[in-house]
Amino acid sequence: MRGVDLTLGPLAAEGFVVNRSGIQWLYEDGHVCRPNEVVAYCNVSLDPAPGVRTSGVPFAAERELQAALAPRVAGRLRTGSGTSLGGHLDTLKAFPWEADTVVGRLEPLDGAGWDTPDIAGALRVLMLAGRRATALADVLTGLLPGWHNRTRGWWCDGDTAPSTLLNLGICDTDGPVSGDRGAFLEMFEHAAGPGQIVVVPNHPIAPCAPCLLEQFTRTPAERQAIAADLATALADPAIPATSDDWLFAGSFAATVESSPMRETYEFLTPGGLRQGGPAEAVLLSLNVESFNLMRHRTLGYHLHLLPFHRAAAGPAIRAWLAKSFEPVRRSLDDVRNDYLKLFDTVGGATGGRFLILNRMSTSGREDITSYMPFDAPMSHTLANVASKEMNLMLHDLADARDVAIIDVDAIAAELGGAAHLPDGVHQSGTMQAVVRSEILEALA
Amino acid sequence: MLVELKTPVFIPEMKTALIESVYCAEGSELAMGTKLLDVSVDLSGAFAQNCPPISYYRMVLRDRLWLRKLLLAPGEHCEPGDPIALFSTEPDEPLDVAPARAARYMTAGIVYHEGMWSGRTA
């Protein structure tokens with residue numbers, strides 16, 4: 001049967017040698033591949049070329065650097081023997097990346113072959129990079145393994161830096177964007193053109209508009225004040241800090257130090273290293289916007305923690321939260337105004353535009369026969385009324401600013417909320433696929 | 001006539017519900033539309049998981065009854081079918097007979113509020 005050799009293709013970085021690990025196959029020999037379906041990956045490193053002096057190494061902060069491999073056309077995969085060596089040799093970057101390395105074969109499904117076998121055989125490379133929340137989080141096996149405070153991926157096509165979608169949402173965006181393997185494979189398989197996806201998890205500050213805006217505009221002096229206040233709390237002998245407190249504090253401090261919406265990125269492409277960013281598009285979750293936030297009593301900054309992240313803190317942090325923060329209540333107008341400030345500030349500084357997933361606003365599980373028992377404003381009590389008002393507010397925002405609404409409410413209603421969105425946030429695979437296609441369409 | 005309130009199936013996948021707030025006291029006369037209690041349903045069950053799928057519901061009476069016995073308190077779990085409360089249509093009926101019917105109520109999805117038991121213990 002005619003087939004083509006699957007080759008790695010070029011990856012270059014001037015002054016550096018690209019090294020790789022053995023190949024880790026995601027599927028068995030004989031798997032029928034879709035176009036752009038990632039079928040294997042290897043770990044990658046950039047090491048200074050012999051005789052080259054360099055003051056820095058690209059991707060130094062991104063300890064997880066991987067090349068995921070995908071055939072450009074559909075076919076039957078034949079995994080190359082000897083490409084996987086097992087053990088540490090499939091994690092350590094011990095082999096040079098060579099463009100003409102054959103890692104397997106692709107056989108046509110119809111027996112006829114391809115008109116352009118060179119293209120069919122040239123694997124498409126999806127670069128993946130993870131910046132660890134701590135260098136200690138050295139999980140070595142898997143696609144983007146471990147604990148990261150930023151992960152990203154981009155197709156290694158062309159010579160220019162791709163445009164970027166930055167995901168700053170919560171579970172309802174993370175599922176569709178990161179996909180089943182946590183490495184954006186489904187997004188990239190269906191994306192029409194080149195691009196980068198970046199995910200910054202909400203560890204521990206929930207990404208509501210006031211917190212994101214303050215993170216974006218925070219001055220060095222304000223950061224120092226926050227750090228000093230936190231250090232004082234952890235040093236209080238009355239409530240000794242535990243390891244949970246220190247871990248929480250470390251993650252908190254990292255979130256305070258910089259804004260993902262200002263970050264720039266390095267790219268490894270067939271033509272060499274490129275620079276790009278900040279993100280052209282930012283994805284948010286309306287589900288994270290709460291009417292109830294916390295505000296620091298003296299420093300004035302806002303804080304929003306999802307309950308299960310708050311539960312991850314130890315006694316010292318909890319005491320600090322109780323003592324140093326006061327509850328503040330936002331109205332619907334406040335939420336809208338916070339969004340407007342965020343859009344205008346970030347848009348003015350970076351040109352970034354926003355996409356927002358709205359909320360499911362119906363439930364087949366309640367049987368309200370009369371609204372009389374519920375005091376006005378009903379949105380303060382009834383979850384679906386609150387969601388409807390929030391969704392309408394979002395439409396008002398979209399009239400006033402260039403904001404794309406990803407209509408989770410309509411998608412859930414069409415697919416069936418009970419089966420595909422049982423708690424209003426966590427979607428089925430089917431629903432994630434639809435949300436994903438809506439995001440890609442909004443970006444097009 | 002004795003009337004009972006049992007834990008409904010808030011979500012088909014649920015195992016238990018947690019009583020978060022109780023709004024009425026034993027011995028009180030409850031009018032139609034009285035809010036009875038709030039519950040949370042955590043689909044992740046007893047095993048802690050990231051971003052647990054928790055939703056909140058309020059049960060509101062669609063009856064006019066006297067509350068005779070509250071069988072659950074905030075912080076206690078109940079499974080579908082577990083008795084929550086016992087009512088009567090007259091204030092001083094004896095309680096040693098079987099309930100004649102179920103209480104009429106409605107269920108509404110609500111937003112989390114600071115008065116909930118889980119908020120006080122977080």
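A quick note: this is a predicted structure, and the numbers were derived from the prediction, not measured. Lettering of chains follows the sequences in order, A, B, ..., and the numbering in each one begins at 1.
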Q. Tyr56(B) versus chain A, heavy atoms under 4.5 Å apart: side chain, backbone, both or neither?
A. neither
Q) Of the backbone (N, CA, C, O) and the side chain (C-beta and beyond), which part of His380(A) lies under 4.5 Å from a heavy atom of chain B, both, or neither? A) backbone
Q. Quick one: what part of Ala418(A) sits under 4.5 Å from any heavy atom of chain B, side chain, backbone, both or neither?
A. backbone
Q.
For Lys388(A), I'd like to know if atom NZ has over 12 heavy atoms of other residues, nucleotides or ligands within 6.0 Å.
A. yes
Q | Contacting moiety of Glu114(B), where chain A heavy atoms sit under 4.5 Å | A | neither
Q: Would you check if the side chain of Asp367(A) reaches a backbone N or O of Thr107(B) as a donor-acceptor pair within less than 3.5 Å?
A: yes
Q. Roughly how far, to the nearest 0.5 Å, is the OG1 atom of Thr369(A) from the CE atom of Met32(B)?
A. 9.0 Å
Q: Of all the heavy-atom pairs spanning Gly33(B) and Pro373(A), show the shortest one and how long it is.
A: O-CB, 3.3 Å
Q: Could you tell me which portion of Ala311(A) (side chain, backbone, both or neither) has an atom closer than 4.5 angstrom to a non-hydrogen atom of chain B?
A: neither
Q.
Please classify the contact between Phe291(A) and chain B as side chain, backbone, both or neither, with a heavy-atom cut-off of under 4.5 Å.
A. neither
Q: Step by step, work out the side chain to side chain contact (heavy atoms under 4.5 Å, CB included) result for Tyr112(B) and Asn292(A).
A: CA-CA 10 Å; Tyr112(B) 172 83; Asn292(A) 300 303; 5.9 Å; no
Q.
To the closest 0.5 Å, what do you measure between CZ (Arg62(B)) and OG (Ser370(A))?
A. 9.5 Å
Q: Check the surroundings of atom CZ in Arg101(B): do more than 12 heavy atoms from other residues, nucleotides or ligands lie under 6.0 Å from it?
A: yes
Q) Under 6.0 Å from the CD atom of Glu414(A), do we count more than 12 heavy atoms belonging to anything else shown? A) no
**Q.** Closest contact, heavy atoms only, Arg58(B) versus Thr381(A)
**A.** NH1-CG2, 3.3 Å
